[in-house]
Structures are given as C-alpha cells and as structure tokens.
Amino acid sequence: MPKPRVVYWFRTDLRLHDSPALKAALDLQPECLYPVWTWDPHYVYRARVGPNRWQFLLDCQNDLSESITKLNSKSKLFVIREAPQTLFQKLFKAWNITHLVFEKDTDAYARDRDSKVVKLAKDAGVKVIIKTGRTLYDPDELIQQNYGKPTMSISQAQAAGSKLGEIPRPIPAPNQLPDPGKRNLDFDQEKPTKSPDINAEQRDGDETSYHALAGPKNDFAVPTMEELGLKPATTPHRGGETIALKMLDEITADEVYTATFEKPKTAPTAFSPQATTLLSPHLHFGSLSSREFYWRAQDIVSKHKNASKPPTSLTGQLLFREMYFGAQAALGYKFAQTYGNAQVRFIPWHLPSKIDTATNLITGTYRIDDPEAQEYFVRWREGRTGFPWIDALMRQLRLEGWIHHLGRHAVACFLTRGGCYVDWERGAEVFEEWLLDHETACNAGNWQWLSCVAFYSQFYRCYSPVSFPQKWDKEGKFVRRYCPELEMFDAKFVYEPWKAPIADQKKWGCVVKGDGTTATEGEFKVYPKPVFEFSAQREKCIRRMKNAYHVGLRGSDKRVLNGSWRELFMDDAEGSPEGSNGPPGAMLKHEEATREEGYHPQADIDGDSGMKTKERGTRETQVKAH
DNA sequence: CGGGATGTTGCTACC
DNA sequence: CGGTAGCAACATCCC
C-alpha cells in the first residue's frame with residue numbers, strides 16, 4: 001500500500017492551531033502534503049468585497065504560508081489560480097493525489113461547491129476527509145438536536161448545543177509538516193471571463209495575478225494588492241493567525257475583563273482602544289479557532305467568582321454565532337433573503353431586491369420604488385445623513401471595516417424599521433462589502449434581528465441617533481473623530497448640529513446645510529442637514545411596522561411570492577406600494593438580458609464563497625444601482 | 001391550554 | 001446623577 005499523497009485544502013480555516021481537519025490529514029502519515037488554496041478568478045471580478053477585507057484575507061494567507069514554511073522549509077501555502085470545481089480533477093492526476101482533506105463549511109454556496117468537489121474526487125479515486133472546526137458545534141448536528149428546525153432563538157441554540165455534550169478542546173498546532181511533492185502544473189488553466197466586473201469599483205489598476213495557475217512569478221505565491229489592481233486598504237486592522245493569537249493572549253491576560261464581559265455594557269463609542277475584542281474577523285477567516293477562543297475564555301470564567309453568563313458574556317457571543325450558523329445551515333440560500341423564507345416576516349420596505357425568477361434568489365440588484373428612499377439609502381451609505389452618530393459610524397465602517405456591535409444596531413435600525421424604511425437586504429449588502437468580519441450567517445441574521453423580521457420583534461424599541469450614544473459619550477469624542485468637521489462644536493450640539501445657532505456654527509468653523517455633497521463653503525466646512533425629521537419618521541415607521549405585523553405575512557407566503565401582497569397594504573396611507581398591477585413576485589422579475597451561466601453575485605470572496613454555480617441556474621450581472 | 005415572565009443592548013419623564 | 005415607571009406592545013419560554 002503506497003503512502004498517502006494529500007492535498008490539504010485551506011478555505012475559512014487559515015490557521016495551524018486547533019484544526020481538526022489538519023490533524024486528520026497528518027494522522028494519515030502522508031508521504032507528502034500539499035497545503036493548497038484554490039482561488040477562483042471569478043472572485044476578482046464578481047465578489048462584493050472592498051479592499052480592506054481583501055487585505056485581511058491576504059494577510060491571513062501570508063501569515064499561514066510563513067508558519068507552514070517555518071515547520072518545513074520546503075513547504076508553503078500553494079495558491080493556485082483556478083476554481084476548485086475545475087482545478088482539482090487535473091491536479092489530482094498531475095500530483096498523484098490519494099486524499100483530499102478540508103474543514104466542513106455549511107454556507108449555502110460552500111455546500112454546493114464542496115459536494116461537487118467530493119463527487120469529482122470520488123470519480124478520480126481520491127478519498128475525501130471532512131472535519132468540523134469552523135464553529136463550536138457542527139451546525140447540522142445542532143439542527144438535528146433542535147428537532148430538525150433552524151435555531152431561531154438563543155435558548156433553542158443553547159438547548160440544542162448542550163445536548164451535543166462538551167465543546168471539543170482545542171488541538172495544538174503541529175510541530176512538523178511533511179514535504180510537498182512534485183509541483184508540475186502541465187495542464188491548461190481555465191481562464192475567467194472578465195465581464196461582468198462588479199468588483200471594478202474596488203480597483204484602480206489592472207488585475208495581473210491570475211494570468212497563470214501559479215501566479216505571475218510561477219511560484220504559487222499569495223497575490224499582492226497591487227497585482228490584483230486593488231485600491232489601497234485603509235483599515236488599521238490586520239489579519240493572520242500570529243496576530244490573532246497575540247490578541248487573544250492580551251485579552252485573556254486581563255482575567256477580570258474576560259470573566260466579567262457583558263456585551264450590552266461595552267461602549268460603541270470607544271475607538272482607542274475599542275471596547276470589544278475585535279476578534280470577529282479572525283473567527284471569520286479561521287485565523288482564530290472559535291473553540292480556542294471559547295475554552296480560553298471559559299477556563300477563566302470557571303475559576304472566577306463573579307463571572308458574567310451567556311448570552312451577554314464572551315462565550316455567549318460565540319453562542320449567537322452558533323445560532324446563526326444553525327439557522328443558515330437549515331435554510332441554505334434562503335436564509336440570506338426574505339423572499340421564500342418562512343422564518344422571516346414580510347415588510348413592504350422600500351428598495352426591494354430584484355428576484356431571479358429562475359432560482360427564486362435575490363440578485364444583488366434592487367428596484368428604486370421611491371426616489372426619496374433611494375436618497376436616504378445613499379446618504380446612509382456614504383455617511384452624510386446629517387445625524388452625526390450615524391454618519392460617524394458609517395464613515396468608520398467604510399474606513400476601517402469594523403464598528404462596534406451596538407453601532408451596527410444603531411445604523412441598521414436607522415436604515416430599516418427606525419428611520420429610512422429601506423429593505424434590510426440593502427444594508428446587508430453594504431456590510432458585506434465593507435466589513436472585515438463579514439460572514440453570511442451572522443450578517444444576514446443580525447440584519448434580520450435589527451430590522452425585526454426574525455429573531456427579535458420589539459420594533460417599538462427604537463434607537464435614537466441623538467440619545468443612544470450619549471449613554472457612553474456625552475462629549476461626542478467618537479463623532480469628532482470620524483466627523484472632524486464637527487470637531488469644535490459644543491457638546492450640547494454635537495449630536496444635533498442643526499440646532500446650533502448660525503453664529504455658533506460659524507464660530508466653530510462649520511455650517512450645517514445641504515445634503516453633504518459639498519465639503520466647504522468659503523472659509524467654512526459644511527456638514528449636512530438631517531435627511532429627515534427623526535421623531536416624525538420614527539413614528540411613521542413604527543406605525544407601518546405595526547401594520548405589517550398585523551398583516552402577518554412571512555417571506556414564504558404565497559401572496560409574497562406572487563405579488564398579491566400589495567392588495568393587503570393598499571390602505572396604508574403613508575407608503576402604499578406603487579400600483580397593484582406590478583409583475584409577479586414581492587419584488588421584480590430579473591431582466592433576462594443580463595443573465596449568464598453559473599454565477600450568483602451574493603457569493604463571497606472567501607472560502608465560504610465565490611462562484612455560486614446552480615445546475616439549472618442563471619447568472620446575473622450585478623449592476624450597482626447606486 | 002393559559003397566563004405570566006422574560007427577552008444580550010430604547011426613550012422620556014420624573015423623583 | 002442614578003434609578004425607575006410608563007410608554008405601547010411582540011414572541012417565546014416555562015410552569
């Protein structure tokens with residue numbers, strides 16, 4: 001029996017510590033082991049990923065590659081520029097591979113991709129080993145323990161989790177790695193088509209990394225931002241397992257902080273340093289194992305007298321992640337949208353998603369049903385709503401790729417049920433592009449929570465953009481940091497600058513006028529007027545939410561699917577849907593003309609991600625409507 | 001099944 | 001200033 005020749009396929013597990021899958025690969029005692037990242041070039045042109053998250057991913061890959069080389073100077077992370085669905089069958093043959101090993105991923109796209117790869121491997125006579133390690137529990141087992149249903153509350157998730165027994169203890173990093181074998185790539189590369197290029201706005205140069213399987217220098221190197229033609233990243237937060245473990249050491253060194261952490265009490269206005277751990281991007285890319293995090297925190301909690309408890313404690317935060325992964329794993333693609341989703345309430349928001357009628361999936365495009373709502377949305381996205389708390393958060397998000405969880409609450413509530421009355425799917429798409437820690441399960445789940453369509457329903461509890469931040473930051477230091485034009489404003493007006501007398505505005509060097517598209521006026525800086533009068537808008541939203549709750553439709557309701565929901569909202573004075581003669585569907589049938597084969601733009605760049613191939617499916621051109 | 005308590009993270013007025 | 005009641009009100013959990 002010849003010794004195994006193993007491809008270890010890295011995806012959202014960019015680490016050496018606590019990797020059950022990597023351990024399984026090493027347990028085979030292979031003759032050779034190839035640490036491989038397969039990179040579908042489609043990501044470059046079709047992913048909704050800003051430069052900050054690109055940089056974080058490349059950081060993780062570089063750090064991992066260096067760590068691998070430290071264990072074996074002949075080895076590294078071999079980055080191969082082709083989609084796994086087409087690459088692996090050629091690679092298995094060229095390198096005489098006997099085993100493929102990877103970590104389980106329950107994201108909807110990942111399941112499609114991986115089942116395809118598993119089939120290819122079986123056809124090629126390659127054995128496949130898959131281990132869970134991305135989450136505390138295997139999401140599929142969690143669902144099983146929840147009577148086959150998606151985990152839609154934290155108590156369900158906790159109850160289901162406790163039936164699965166103790167969370168596995170972390171596995172130490174290996175102290176040696178086998179050599180890789182020969183690395184000939186004597187086969188053709190499947191080249192990507194560059195159109196549609198929905199990622200164009202992330203780039204200011206040409207993409208030059210994907211011209212050959214092993215990259216421009218033929219050395220399997222991790223691409224650079226420059227090679228990818230990406231605009232420079234602006235975030236101070238950097239990726240990689242080395243950094244993640246150092247951060248975890250520093251956090252857990254403060255045992256009181258670790259043991260008594262209560263999320264709702266942490267300040268969303270703290271920026272130097274932030275009030276929470278900032279480990280979420282590392283959990284997403286797998287540069288930190290969630291189980292490592294869990295046990296490092298739990299061991300401190302266990303020996304502490306006044307420790308906080310789930311769900312507000314640090315480990316509680318990880319349990320929410322489990323809940324969202326359980327919900328997503330049960331629902332698949334539908335989890336990230338309202339249309340067809342039985343768990344989600346239907347609210348007739350503005351700017352609804354266009355639906356691909358062939359797949360019943362959202363397309364990443366939307367319909368501008370109301371120009372005013374579009375104006376609200378664009379000003380929200382660009383951080384010029386005229387509400388400094390909201391604008392500061394949105395500017396921090398775009399610049400740094402991270403905002404505090406309660407800050408996310410504030411902007412999400414403002415965009416949806418507590419202000420703009422814009423569809424939560426619009427907000428989720430902006431977060432998808434800008435957040436370093438974006439993962440579909442948590443992002444979609446949190447947007448559903450905050451917009452009160454699932455997980456949470458107390459829509460009458462509405463965040464004020466003026467009062468809420470003052471709980472932590474009366475002086476407005478956070479606002480002054482991210483909206484520097486308001487730096488000199490008196491604390492009395494820093495959250496509502498439009499109320500300051502004109503003479504004071506001029507004295508403080510900034511006049512409040514317009515919509516934020518002009519930065520200066522003569523010697524003065526300019527900050528926009530509020531996009532609407534908040535309290536009136538808030539009342540209108542709550543009234544409409546109440547009505548929509550009363551109507552009581554779910555995303556899977558026949559009337560949502562066929563468009564007849566409109567009749568039920570006709571007497572809703574302040575926002576009756578335009579016309580009753582629209583096309584079928586809650587939203588719109590997607591234009592036939594923009595379709596191509598095999599891609600869905602909701603796909604993400606990271607391992608959980610990429611080209612959403614549907615057997616019978618279609619691919620939509622993603623055209624940004626803003 | 002009914003009904004009361006609870007739900008990680010609201011706001012305002014009032015003592 | 002800090003704590004609390006009232007606001008108008010929803011779903012889930014648990015006895």
Side-chain angles (χ1 to χ4, degrees), chain A residues 146-147 149-162 259-270 274-277 280 297 301 307-324 326-327 342-347 387 389-390 393 403-419 442 445-475 478 491 495-496 533-554:
Chain A
N146 197 43
Y147 316 102
K149 297 202 169 93
T151 42
M152 297 304 289
S153 73
I154 193 64
S155 53
Q156 286 173 9
Q158 275 178 293
S162 66
T260 62
F261 181 94
E262 289 180 76
K263 180 63 139 303
K265 290 189 182 166
T266 59
T269 52
Q274 285 90 347
T276 48
T277 66
S280 51
V301 163
S308 53
K309 294 187 185 68
T312 51
S313 65
L314 271 184
T315 55
Q317 307 312 300
L318 293 171
L319 289 171
F320 276 108
R321 185 167 178 262
E322 300 298 303
M323 174 186 80
Y324 289 138
Q343 302 298 324
V344 165
R345 283 188 178 279
F346 175 77
I347 313 280
F387 293 97
W389 166 237
I390 301 298
L393 285 164
I403 54 178
H404 186 278
H405 190 67
L406 293 178
R408 301 182 196 195
H409 279 216
V411 299
C413 177
F414 187 90
L415 180 70
T416 58
R417 67 181 167 88
C442 297
N446 276 321
W447 275 93
Q448 289 169 21
W449 184 302
L450 263 299
S451 63
C452 287
V453 299
F455 299 103
Y456 188 75
S457 52
Q458 288 163 270
F459 54 79
Y460 44 91
R461 291 196 176 167
C462 180
Y463 296 89
S464 156
V466 175
S467 309
F468 187 63
Q470 295 195 53
K471 194 170 154 190
W472 299 275
D473 186 9
K474 283 251 189 281
E475 291 299 309
F478 177 82
Y495 290 112
E496 34 192 353
E533 206 274 296
F534 180 73
S535 62
Q537 191 71 18
R538 174 189 169 279
E539 274 178 37
K540 192 163 108 176
C541 282
I542 290 178
R543 215 160 42 236
R544 299 196 65 198
M545 289 297 291
K546 191 178 162 185
N547 181 47
Y549 264 62
H550 182 71
V551 172
L553 297 178
R554 301 273 164 173

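Chain identifiers are assigned alphabetically (A, B, ...) following the order of the sequence lines, protein sequences preceding nucleic acid strands; residue numbering begins at 1 within each chain. In this text, all values refer to a predicted model and were calculated from it rather than measured experimentally.
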* **Closest to the A:Phe468 side chain, choosing from B:dC11, C:dC10, B:dT8** => B:dC11
* Per A:Phe459 side chain, nearest of listed nucleotides C:dC13, C:dA9, B:dC11 -> C:dA9
* Selection from C:dC10, C:dT12, B:dT9 that lies nearest to any side-chain heavy atom of A:Leu406 -> B:dT9
* Asked: Rounded to the Å, how far apart are A:Tyr460 OH and C:dA9 P?
  -> 9 Å
* At what distance, to the nearest 0.5 angstrom, does CE of A:Met545 lie from CZ of A:Arg417? -> 7.0 Å
* To do: Measure the distance from OH on A:Tyr463 to P on B:dT9 and round it to the nearest whole Å.
  => 7 Å
* Could you state the atom-to-atom distance from CZ of A:Phe414 to P of B:dC11 in whole Å? => 14 Å
* To do: Would you indicate which nucleotide in B:dG10, B:dT12, C:dC13 comes nearest to any side-chain atom of A:Ser155?
  => C:dC13
* **Between C:dA8 and B:dT6 - P atom distance, rounded Å** => 23 Å
* In terms of the angle between their ring planes, are A:Phe455 and A:Trp449 parallel, tilted or perpendicular, with boundaries placed at 30° and 60°? -> parallel
* Asked: With respect to the side chain of A:Ser464, which nucleotide from B:dT8, B:dC11, B:dG7 is positioned closest?
  -> B:dC11
* Which whole-number value in Å describes the distance from A:Trp472 CH2 to C:dG2 P? -> 14 Å
* Residue met sooner reading DNA chain C from 5', once A:Tyr549 and A:Lys474 are mapped to nucleotides -> A:Lys474
* Asked: Can a side chain N or O of A:Ser153 be found less than 4.0 Å away from OP1 or OP2 on B:dG7?
  -> no
* **Integer angstrom distance from the P of B:dA5 to that of C:dA5** => 14 Å
* Structure fact -> Applying the 3.5 Å cut-off to both distances, the Watson-Crick or G-U partner of C:dA9 turns out to be none
* Aromatic rings A:Tyr324 and A:Phe320: how do their planes relate, parallel, tilted or perpendicular, breaks at 30° and 60°? -> tilted
* Just call it for A:Trp449: base, sugar-phosphate, or nothing, with non-hydrogen atoms closer than 4.0 Å on any strand. => base
* Check the distance between B:dT12's C1' and A:Gln470's CD and give it to me in whole angstrom. => 13 Å
* **Sidechain-backbone polar pair: A:Glu262 side chain, A:Thr312 backbone, donor-acceptor under 3.5 Å** => no
* **Nucleotide B:dT12, atom P - distance to CD of A:Glu539 in whole Å** => 12 Å
* Contact class for A:Lys265 vs. all strands (heavy atom < 4.0 Å): base, sugar-phosphate, or nothing? -> nothing
* Length of the NZ-P vector between A:Lys546 and C:dC7, whole Å -> 14 Å
* To do: Using atom CG of A:Asn547 as one end and atom C1' of C:dA8 as the other, report the distance to the nearest whole Å.
  => 16 Å
* **Base-pairing mate for B:dT8 - Watson-Crick or G-U, with both contacts under 3.5 Å** => none
* To do: Find the distance between CZ (A:Phe534) and OH (A:Tyr463) and round it off to the nearest 0.5 Å.
  => 12.0 Å
* **Sugar-phosphate, base or nothing in reach of A:Phe320, heavy atoms under 4.0 Å** => base
* **Rounded distance [0.5 Å steps], CH2 in A:Trp447 versus SG in A:Cys413** => 10.0 Å
* Using the C1' atom in both, what is the distance from B:dC1 to C:dA9, to the nearest Å? -> 23 Å
* **Sugar-phosphate only, base, or nothing, as touched by A:Gln156 at under 4.0 Å among non-hydrogen atoms** => sugar-phosphate
* Asked: Which part of the nucleic acid, if any, lies within reach of A:Ile542 when heavy atoms closer than 4.0 Å are counted: base, sugar-phosphate only, or nothing?
  -> nothing
